[in-house]
**Student:** 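The structure follows.
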Amino acid sequence: MMNLVKFLSSCGAASRRKAEELIRSGHVTVNGEVICDPAFRVDGTLPVTLDGTPVSAPEKRHYILLHKPRGYVCSNADAHAEKLAVDLIDIPGTRLVSAGRLDKDSEGAIIFSDDGEFINRLAHPRYGILKRYEVTTVRPVSPEWQKKMVQGITDDGEKLKVISIKELTPCRYEIILNEGKKREIRRLTAAANAPTKRLIRVAIGKVELGKLACGTFRELRNEEVENLLKNPAASAET
């Protein structure tokens, strides 16, 4: 038995937050009856529909690593986006959701799945999954500002900070983030008077982008999925 919100999420029909909204607004039925209580308990034996479409757990779950190109939007719900990252993943009949976001101007590793509980686990801030980036700036970030980025600064009422920053070559850095607020690295480098020129996410936990070509995807290996579930905060450090 599980509540209706968790059931919809686990089936990949919607995130938990969106599922609760859909239930409260009368979009969900159980055994033909409209249910508006997100805590309503289901056991998987009675038919559940969302806007008249049956909802059930897929026979096979998909766990996808995509190398997102620049210019693509991660949100499935952005009605104004011309290019959706999820459209690069050709798995018919599967509703995939991303674990977190990469902004439109960034590229690199992002994980998609039709397993809502897996997505919730990876995306929830309390698990603190580490993400590694290679960042190119228009001018060098001074040593003083590198220290500030690790200590943290306040920008627009938010505390922004990195776990670490390491210079690879002049104007090119390896940066590791924990939670990752909206456009956090770009805001930090802009504050350092060294705006970001290119940003690539190269690892999520221990899942490496490696030689995956830009615009292509692969299924995560079983051990990668198990590692993320057992230890989602696994180090992205080199």
Side-chain angles (χ1 to χ4, degrees), residues 9 12 15-16 61-76 84-89 91 94-136 149-150 160-166 168 172-189 196 198-238:
S9 173
S15 67
R16 287 197 183 189
R61 297 289 191 182
H62 295 280
Y63 305 91
I64 304 295
L65 175 65
L66 172 71
H67 186 159
K68 186 188 91 66
R70 293 182 67 176
Y72 282 76
V73 174
C74 290
S75 174
N76 296 22
L84 293 177
V86 71
D87 291 341
L88 295 171
I89 304 172
I91 304 178
T94 302
R95 185 185 184 279
L96 297 169
V97 178
S98 64
R101 298 284 186 266
L102 262 179
D103 69 61
K104 183 178 179 180
D105 296 323
S106 299
E107 57 194 283
I110 186 162
I111 291 175
F112 284 81
S113 180
D114 55 2
D115 183 341
E117 291 305 295
F118 174 80
I119 291 297
N120 285 328
R121 187 173 178 84
L122 263 61
H124 201 291
R126 78 168 177 265
Y127 292 108
I129 185 167
L130 299 182
K131 303 174 185 72
R132 190 169 80 246
Y133 301 81
E134 289 185 6
V135 181
T136 304
M149 289 168 69
V150 174
L160 308 179
K161 63 180 297 185
V162 304
I163 298 297
S164 65
I165 175 170
K166 179 172 69 176
L168 302 174
R172 183 166 163 262
Y173 304 88
E174 177 188 271
I175 293 178
I176 294 177
L177 283 185
N178 187 337
E179 180 179 343
K181 297 181 175 68
K182 186 175 181 180
R183 299 178 71 84
E184 187 163 12
I185 291 175
R186 294 181 184 279
R187 291 159 68 186
L188 282 164
T189 60
T196 294
R198 187 182 185 192
L199 187 154
I200 308 173
R201 185 192 285 164
V202 296
I204 301 171
K206 291 186 177 180
V207 177
E208 299 273 350
L209 186 65
K211 295 182 179 179
L212 187 65
C214 188
T216 66
F217 67 94
R218 68 170 175 87
E219 292 267 5
L220 293 182
R221 298 184 295 274
N222 289 339
E223 60 267 27
E224 290 176 315
V225 175
E226 291 170 4
N227 181 273
L228 287 168
L229 288 172
K230 290 177 181 177
N231 186 17
S235 175
E237 298 184 63
T238 54

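This chain uses plain numbering: 1 for the first residue, then up along the sequence. Note that this is a predicted model, so its numbers are computed, not measured.
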**Student:** Just by modelled atom types, is the L96 backbone N or O under 3.5 Å from a matching donor or acceptor in the T94 side chain?
**Tutor:**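 Checked: no pair found.
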**Student:** Within the 4.5 Å heavy-atom criterion, are I175 and S164 side-chain neighbours or not?
**Tutor:**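 A side-chain contact under 4.5 Å is absent here.
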**Student:** Closest approach of C74 and I110, non-hydrogen atoms and distance?
**Tutor:**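 So the two residues come closest at SG-CD1, 3.2 Å.
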**Student:** Any idea which heavy atoms bring R201 and L209 closest together, and the distance?
**Tutor:**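 Heavy-atom minimum between the residues: O-CD2, 3.7 Å.
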**Student:** May I ask you to decide whether E219 forms a salt bridge with R61, counting only side-chain N to carboxylate O separations under 4.0 Å?
**Tutor:**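 Judged by the 4.0 Å cut-off on N to carboxylate O distance, E219 and R61 do not form a salt bridge.
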**Student:** Quick one: pull up CZ in R172 and OG1 in T136 and give me the separation to the nearest 0.5 Å.
**Tutor:**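 That separation rounds to 6.5 Å.
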**Student:** Hey, which of L88, V97, L66 is the one that makes side-chain contact (heavy atoms from CB on, under 4.5 Å) with F112?
**Tutor:**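 The single option meeting the side-chain contact (heavy atoms from CB on, under 4.5 Å) with F112 is L66.
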**Student:** Taking atom CG of L228 and atom CD1 of I204, what is their separation to the nearest 0.5 Å?
**Tutor:**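 Separation between the atoms: 8.0 Å.
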**Student:** Testing the basics here: between L177 and K161, what is the closest heavy-atom pair and its distance to 0.1 Å?
**Tutor:**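 Heavy atoms only, the tightest pair is CD2-O, 3.5 Å.
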**Student:** Working to the nearest 0.5 angstrom, can you tell me the gap between H62 NE2 and F118 CZ?
**Tutor:**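 CZ of F118 is found 13.5 Å from NE2 of H62.
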**Student:** Distance check, rounded to the nearest 0.5 Å: N178 atom CG versus I163 atom CD1?
**Tutor:**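 Reported value, rounded in 0.5 Å steps: 4.5 Å.
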**Student:** Which is it for R183 and D103 under the salt bridge (charged side-chain N to carboxylate O under 4.0 Å, His left out) test, yes or no, and what are the steps along the way?
**Tutor:** CA-CA 7 Å; R183 299 178 71 84; D103 69 61; 3.6 Å; yes
**Student:** What I'd like to find out is whether the side chain of E107 reaches to under 4.5 Å of the side chain of K68, using heavy atoms alone.
**Tutor:**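 Of all side-chain heavy-atom pairs linking K68 with E107, none is under 4.5 Å.
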**Student:** Give the minimum heavy-atom separation between I111 and I119, together with the two atoms involved.
**Tutor:**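 Heavy-atom minimum between the residues: O-CD1, 4.5 Å.
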**Student:** For the NZ atom on K181, are there more than 12 heavy atoms of other groups (residues, nucleotides or ligands in this structure) within a distance under 6.0 Å?
**Tutor:**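 Yes, the 6.0 Å shell around NZ holds more than 12 heavy atoms from other groups.
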**Student:** Looking at R198 and E134, does any basic side-chain N land under 4.0 Å from a carboxylate oxygen?
**Tutor:**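 Looking at E134 together with R198, the answer is no, because their closest N to O distance does not fall below 4.0 Å.
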**Student:** Can you name the nearest heavy-atom pair linking L212 to H67, along with the distance?
**Tutor:**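 Heavy atoms only, the tightest pair is O-ND1, 2.7 Å.
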**Student:** Here's a test for you: under side-chain contact (heavy atoms from CB on, under 4.5 Å), which of I185, V202, I200 qualifies with Y133?
**Tutor:**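 That would be I185.
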**Student:** Compare every heavy atom of E208 with every heavy atom of A203, then report the nearest pair and how far apart it is.
**Tutor:**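 So the minimum-distance heavy-atom pair works out to CB-OE1, 4.0 Å.
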**Student:** Start with the C-alpha distance between M149 and V162, add both sets of side-chain angles, then the distance that settles side-chain contact (heavy atoms from CB on, under 4.5 Å), and finish with yes or no.
**Tutor:** CA-CA 6 Å; M149 289 168 69; V162 304; 4.2 Å; yes
**Student:** Go through the steps to decide whether E184 and K131 satisfy the test salt bridge (charged side-chain N to carboxylate O under 4.0 Å, His left out), and finish with yes or no.
**Tutor:** CA-CA 12 Å; E184 187 163 12; K131 303 174 185 72; over 6 Å; no
**Student:** How about R186 and S106: does a side-chain donor come under 3.5 Å of a side-chain acceptor?
**Tutor:**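 Yes, a side-chain donor-acceptor pair sits under 3.5 Å.
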**Student:** How long is the span from the CG atom in D105 to the CZ atom in R70, to the nearest 0.5 Å?
**Tutor:**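 Here the rounded value is 5.5 Å.
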**Student:** If I take atom OH from residue Y63 and atom CD from residue E226, how far apart are they, to the nearest 0.5 angstrom?
**Tutor:**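 The CD atom of E226 is 10.0 Å from OH of Y63, to the nearest 0.5 Å.
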**Student:** Does atom CZ of R187 have more than 12 heavy-atom neighbours from other groups under 6.0 Å away?
**Tutor:**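 Above 12, so yes.
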**Student:** Is any side-chain heavy atom of I165 closer than 4.5 Å to one of V150?
**Tutor:**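 Yes, at least one pair of side-chain atoms sits under 4.5 Å.
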**Student:** Is any side-chain heavy atom of V225 closer than 4.5 Å to a side-chain heavy atom of N222?
**Tutor:**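 Not in contact.
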